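Input: a single structure, listed below in structure tokens.
FYI, side chains are in, hydrogens and waters are out, and symmetry mates aren't considered; it's all heavy atoms of this structure. This is a predicted model, so every value here is computed, not measured.
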Amino acid sequence: MAVDAARTDEEFTSARATRVMSAACKAAGLDDKGFELIRLGENALFRLASAPVIVRVARGEAWLPKARTEVVVSRWLEKEGFPAARLVEDLEQPLSIDGHPVTFWHLIVEGERKASYGELGGILRDLHAMTLPAGLELPRFDPFDKQELRINRAEISEDDRAFLRKRWHELRAQYEELQFESPQGPVHGDAHVQNLMVDTQGRVILIDFEAFCFDHPEWDLMVTATEHHSLGWQTDEQYADFVRAYGRDLHDWHGYDTLRRLQEFGMTTWLMQNVQEDERTAAEYQRRIAGLRNDDAPRDWRPW
């Protein structure tokens, strides 16, 4: 099924992602009949009905290094016995379908409960204590990765675009002043509780490795710290469980406020990629951009 390669990174809609997914399944010898689109964000995630497989379609060729990182990290974590999502075996991955990197993952059958914040703290503690094997090279964490691309291509007002470009430059200057004291190690890069799944045996499994990197652990801790202290998405008890399990509260660190701004900026530009999908997404983007424009205002952002 042909896809216009000249528009690879543009107009990444659910319809376009579906066409790419169908072509990828055909190339891999899988049946896409009865598929379900379960998420459209930085990637599109599809659940197949014909096999216990998740198909992950990235936005375009610029996302190929991330897809390659996902593959090597998944294979390393599997070798170490770490509880993490597993690639489908015997397939060359990632596939490239008209410029879109595509990967295939074993379906994780969820149990009756969601992962807790204490479990998130514990799994991050264990991940950050791991040592990368010789030969496994990972990028540094880049909080500005794809941000210019998002700002340039999003279907937003020119006033918003100008504001976001100005904020982007301000944040880069603040980022340059950051002084980390912790040692570098493996970092998930998008460590929110929704990137944990609990299967039917009660095992807590880490997913989504596209931002995986070798850097300071603060980049993982900033996610839940921002969600709690700025957005109020967890109760005090839930956040206390996270801190107790991990052993540190990032809010006490001198660089927290800079990381909070970076996290909120990334959350906003991530969402704005899909403002054309539906009114609900567009409305949430408006809440978030309003919050960025008034740094001291209470956040009424909603989890997405």
Side-chain angles (χ1 to χ4, degrees), residues 41-42 62 65-66 69 120 124 128 138-154 156-192 195 210-234 239 242-243 246 248-273 284-304:
E42 194 76 0
K66 288 178 174 289
T69 294
L120 177 61
L124 289 179
H128 294 164
L138 294 174
R140 295 285 302 276
F141 186 81
D142 183 2
F144 303 99
D145 183 44
K146 303 292 185 299
Q147 299 286 20
E148 278 192 298
L149 193 65
R150 293 174 180 176
I151 293 169
N152 290 341
R153 292 179 173 172
I156 58 176
S157 71
E158 290 307 310
D159 184 59
D160 281 359
R161 205 180 316 276
F163 166 77
L164 288 168
R165 285 173 177 156
K166 180 174 182 291
R167 176 59 61 92
W168 184 86
H169 287 291
E170 292 170 351
L171 289 172
R172 288 199 71 93
Q174 294 173 22
Y175 168 70
E176 295 297 329
E177 297 298 318
L178 277 176
Q179 296 291 327
F180 293 93
E181 299 170 356
S182 59
Q184 293 179 329
V187 167
H188 181 272
D190 191 20
H192 53 77
N195 275 335
E210 70 172 21
F212 211 97
C213 58
F214 184 82
D215 215 302
H216 299 281
E218 285 86 352
W219 294 117
D220 277 346
L221 301 181
M222 75 174 180
V223 179
T224 303
T226 299
E227 289 178 354
H228 177 68
H229 293 292
S230 179
L231 306 178
W233 286 359
Q234 301 93 32
Y239 188 69
F242 173 81
V243 170
Y246 188 85
R248 181 183 179 190
D249 184 354
L250 191 69
H251 192 252
D252 298 332
W253 181 54
H254 64 84
Y256 164 75
D257 209 46
T258 295
L259 264 60
R260 173 189 65 80
R261 292 189 179 98
L262 286 167
Q263 176 67 12
E264 292 180 351
F265 186 81
M267 292 171 71
T268 302
T269 61
W270 170 81
L271 185 73
M272 79 182 182
Q273 297 176 107
E284 179 62 24
Y285 164 69
Q286 290 301 326
R287 275 189 288 273
R288 295 187 181 189
I289 193 73
L292 293 191
R293 288 179 180 277
N294 187 351
D295 202 44
D296 297 324
R299 303 294 195 246
D300 62 348
W301 301 6
R302 299 173 185 177
W304 212 254

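- Atom CD1 of residue Ile151 and atom CD of residue Gln273 lie 10.5 Å apart, to the nearest 0.5 angstrom.
- For the pair Leu221 and Leu250, the tightest heavy-atom approach, listed with the atom from each and the gap, is C-CD2, 3.8 Å.
- Residues meeting the side-chain contact (heavy atoms from CB on, under 4.5 Å) test with Gln286, sequence neighbours left out: Asp160, Ile289.
- Inter-residue side-chain proximity for Thr226 and Leu259 is flagged as unmet; no heavy-atom pair is nearer than 4.5 Å.
- Listed here is the closest heavy atom pair of Arg287 and Arg302: NH2-NH1, 3.3 Å.
- Between Glu264 and Leu231, the shortest heavy-atom distance links the atoms OE2-CD2, 4.3 Å.
- Side-chain contact between Arg150 and Leu164: absent, with no pair of heavy atoms (C-beta onward) separated by less than 4.5 Å.
- Of all heavy-atom pairs between Ala154 and Arg161, the closest is O-NH1, 3.0 Å.
- Using cut-offs of 30° and 60° on the angle between ring planes, the pair Trp168 and Phe144 is perpendicular.
- For the atom pair CZ (Arg299) and CZ (Arg260), the distance works out to 6.0 Å, reported to the nearest 0.5 Å.
- With contacts defined as side-chain heavy-atom distances shorter than 4.5 Å, the pair Gln174/Leu171 qualifies.
- Rounding to the nearest 0.5 Å gives a distance of 5.5 Å between OH of Tyr256 and OG of Ser230.
- Using a 4.5 Å cut-off on side-chain heavy atoms (C-beta onward), Thr268 and Tyr285 make contact.
- The two atoms that bring Ala191 and Leu120 nearest to each other are O-CD2, 3.7 Å, heavy atoms only.
- Leu271 contributes atom CG, which lies 6.0 Å from atom CD of Glu284 (distance to the nearest 0.5 angstrom).
- Between atom CH2 of residue Trp233 and atom NE2 of residue His192 there is a gap of 9.0 Å, rounded to the nearest 0.5 Å.
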request  = Let me see the working for Phe242 and Glu227 under side chain to side chain contact (heavy atoms under 4.5 Å, CB included), right down to the final yes or no.
outcome  = CA-CA 12 Å; Phe242 173 81; Glu227 289 178 354; over 6 Å; no

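- At least one cation-pi condition fails for Arg167 and Phe265: the charged atom is not both under 6.0 angstrom from the six-membered ring centre and inside a 45 degree cone around its axis.
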I'd like a table of donor-acceptor pairs (distance under 3.5 Å, sequence neighbours excluded) in which one partner is a side-chain atom from residues 213-220, with atom names and distances.
{"from": "Asp215", "atom 1": "OD1", "to": "Trp219", "atom 2": "NE1", "distance (Å)": "3.4"}
{"from": "Asp215", "atom 1": "OD2", "to": "Arg140", "atom 2": "NE", "distance (Å)": "2.8"}
{"from": "Asp215", "atom 1": "OD2", "to": "Phe141", "atom 2": "N", "distance (Å)": "2.9"}
{"from": "His216", "atom 1": "ND1", "to": "Ser182", "atom 2": "O", "distance (Å)": "2.8"}
{"from": "Glu218", "atom 1": "OE1", "to": "Ser182", "atom 2": "OG", "distance (Å)": "2.7"}
{"from": "Glu218", "atom 1": "OE2", "to": "Ser182", "atom 2": "OG", "distance (Å)": "3.0"}
{"from": "Glu218", "atom 1": "OE2", "to": "Arg248", "atom 2": "NH1", "distance (Å)": "2.9"}
{"from": "Glu218", "atom 1": "OE2", "to": "Arg248", "atom 2": "NH2", "distance (Å)": "3.2"}
{"from": "Asp220", "atom 1": "OD1", "to": "His188", "atom 2": "N", "distance (Å)": "3.3"}
{"from": "Asp220", "atom 1": "OD1", "to": "Gly189", "atom 2": "N", "distance (Å)": "2.8"}
{"from": "Asp220", "atom 1": "OD2", "to": "His128", "atom 2": "NE2", "distance (Å)": "2.7"}
{"from": "Asp220", "atom 1": "OD2", "to": "His188", "atom 2": "N", "distance (Å)": "2.9"}

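- The shortest non-hydrogen separation linking Leu292 to Trp301 is CD2-CH2, 4.1 Å.
- At least one side-chain heavy atom of Lys146 sits less than 4.5 Å from a side-chain heavy atom of Lys66.
- Checked by atom type and distance alone, the side chain of Gln263 never pairs as donor or acceptor with a backbone atom of Val223 at under 3.5 Å.
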